[in-house]
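To keep things clear, I will list the structure first and then write my remarks on it.
The chains referred to below are lettered A, B, ... by the order of the sequence lines, with proteins before strands, and numbering in each begins at 1.
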There are 2 protein chains.
Amino acid sequence: MEAVQNRPYSQTLQRLRDAGLRPTRQRLALGRLLFDSSDRHVTAEALHEEAQEGGISVSLATVYNTLHQFTDAGLLRQVVVDASRTYFDTNIHEHHHFFNESDGKLTDIPADQISLSTLPDAPEGLDVARVDVIVRVAPAS
Amino acid sequence: MEAVQNRPYSQTLQRLRDAGLRPTRQRLALGRLLFDSSDRHVTAEALHEEAQEGGISVSLATVYNTLHQFTDAGLLRQVVVDASRTYFDTNIHEHHHFFNESDGKLTDIPADQISLSTLPDAPEGLDVARVDVIVRVAPAS
DNA sequence: GTGTTTGCAAAGTGTTTGCAATTTA
DNA sequence: TAAATTGCAAACACTTTGCAAACAC
């Protein structure tokens, strides 16, 4: 539509290319929202709203599809903390989370700030795929 | 309807009474399914099915309501591991979980088998309510 | 041009709710 | 009998899908 800042634009472009995803207008726009800052935790609904506010026209269905494509491509990670919504995290490295149950906000905990000693053996025939630590917090009473 | 084993029956009866819940036919039946064995992890759907198979007539809505009432009363705990279903755990003590992503089965990990060193401080104004460790496992390749 | 992607609206899932009928105490 | 509980069906929130139109290469 109009000129955009070029650096993040082309960063996202490259990211999409590397992932084998066609850099469509929608993917570029969502990619910029997601990747221009770091450690973002979004729900589909929230990202859709943010896009609308930014004057980007994308359907909610496309936001869902895009988030899943990004996840499959390894650009995002899903975080399960709340049974009623799915969060997507732009931090794809090993780390954990604070989850504020009262406002639904997630905050990263760097992997080196939590150490798990003595992890029990996985049940037979199974391999550990990932360990998630969720520190559920609430307003101090 | 017919005679039942008396021990578990009255255990559940007592549990409900202690929790201030009227021991209705449905609650007793679901309570027996849940508490007669230990460390059960059920979804509403699965418990409903189990009840039907056992010849107990309960509506799915009542199963949901009952699971929540039991949870509010401290007899059950909710476990969030999968964005698409809610699990209820009969183990209400501190512990963690293996979650088998391929079949959706949960297994308890006793609290003393995992030790978390150096938990970072909660963000200001917030208290830690609970720490959940989820070890996601998958069939060995 | 050809195959991919989008957007809509419709369908799907799991879950919750309103309310009359039933049950418990 | 009064108050709590149940069950149904309808409503819900979030998410996925089918398919024609639009777009990228």
Between atom [atom1] in [X] and atom [atom2] in [N], what is the gap in whole Å?
X	N	atom1	atom2	value
B:L30	D:dT5	CG	P	14 Å
A:L67	C:dT6	CG	C1'	15 Å
B:L60	C:dG14	CG	C1'	9 Å
A:L47	D:dT15	CG	P	12 Å
B:L28	C:dT23	CG	P	15 Å
A:E45	D:dC12	CD	P	15 Å

To the nearest 0.5 Å, atom CG of A:N100 lies from atom CG of A:L106 at 9.5 Å

To the nearest 0.5 Å, tell me how far A:H48 NE2 sits from A:L67 CG.
11.5 Å

Is the phosphate of [N], meaning OP1 or OP2, less than 4.0 Å from a side-chain N or O of [X]?
X	N	answer
B:T62	D:dT6	no
B:H68	C:dT15	no
B:Y64	C:dT16	no

Would you kindly check if the NZ (Lys) or CZ (Arg) of A:R136 is within the cone defined by 45 degrees around the ring axis of A:F98 and under 6.0 Å from the six-membered ring centre?
no

Decide whether [X] and [Y] meet the rule of one side-chain donor and one side-chain acceptor closer than 3.5 Å.
X	Y	answer
A:D18	A:Q14	yes
A:Q11	A:R32	no
A:H95	A:D112	no

Report yes if some heavy atom in the side chain of B:T62 is under 4.5 Å from a heavy atom in the side chain of B:L60; otherwise report no.
no

Mind checking B:T66 for me? I need base, sugar-phosphate or nothing, with any heavy atom below 4.0 Å counting as a touch.
nothing

Just call it for B:H48: base, sugar-phosphate, or nothing, with non-hydrogen atoms closer than 4.0 Å on any strand.
nothing

Residues from residues 17-27 of chain A lying under 4.0 Å of DNA chain C - heavy atoms
A:R22, A:T24, A:Q26, A:R27

Tell me which residues in residues 80-91 of chain B put a heavy atom below 4.0 Å from DNA chain C, sorted by number, or none.
B:S84, B:R85, B:T86

I want to verify a distance call: between C:dG14, C:dC8, D:dG7, whose nearest atom is closest to the A:A61 side chain?
C:dC8

Compare the minimum distances between each of C:dT17, D:dG7, D:dC14 and the side chain of B:N65, then state the nucleotide with the smallest one.
C:dT17

Does C:dG12 have a Watson-Crick or wobble mate here (both distances under 3.5 Å), and if so which one?
D:dC14

The Watson-Crick or G-U wobble partner of D:dA22, with both key distances under 3.5 Å, is C:dT4

Residue that, paired with B:F88, satisfies side chain to side chain contact (heavy atoms under 4.5 Å, CB included) out of B:T43, B:V42, B:L34, B:T66
B:V42

Are any side-chain N or O atoms of A:R40 and backbone N or O atoms of A:L33, one a donor and one an acceptor, separated by less than 3.5 Å?
yes

The single option from B:Q78, B:H97, B:R77 passing side chain to side chain donor-acceptor pair (under 3.5 Å) against B:D89
B:H97

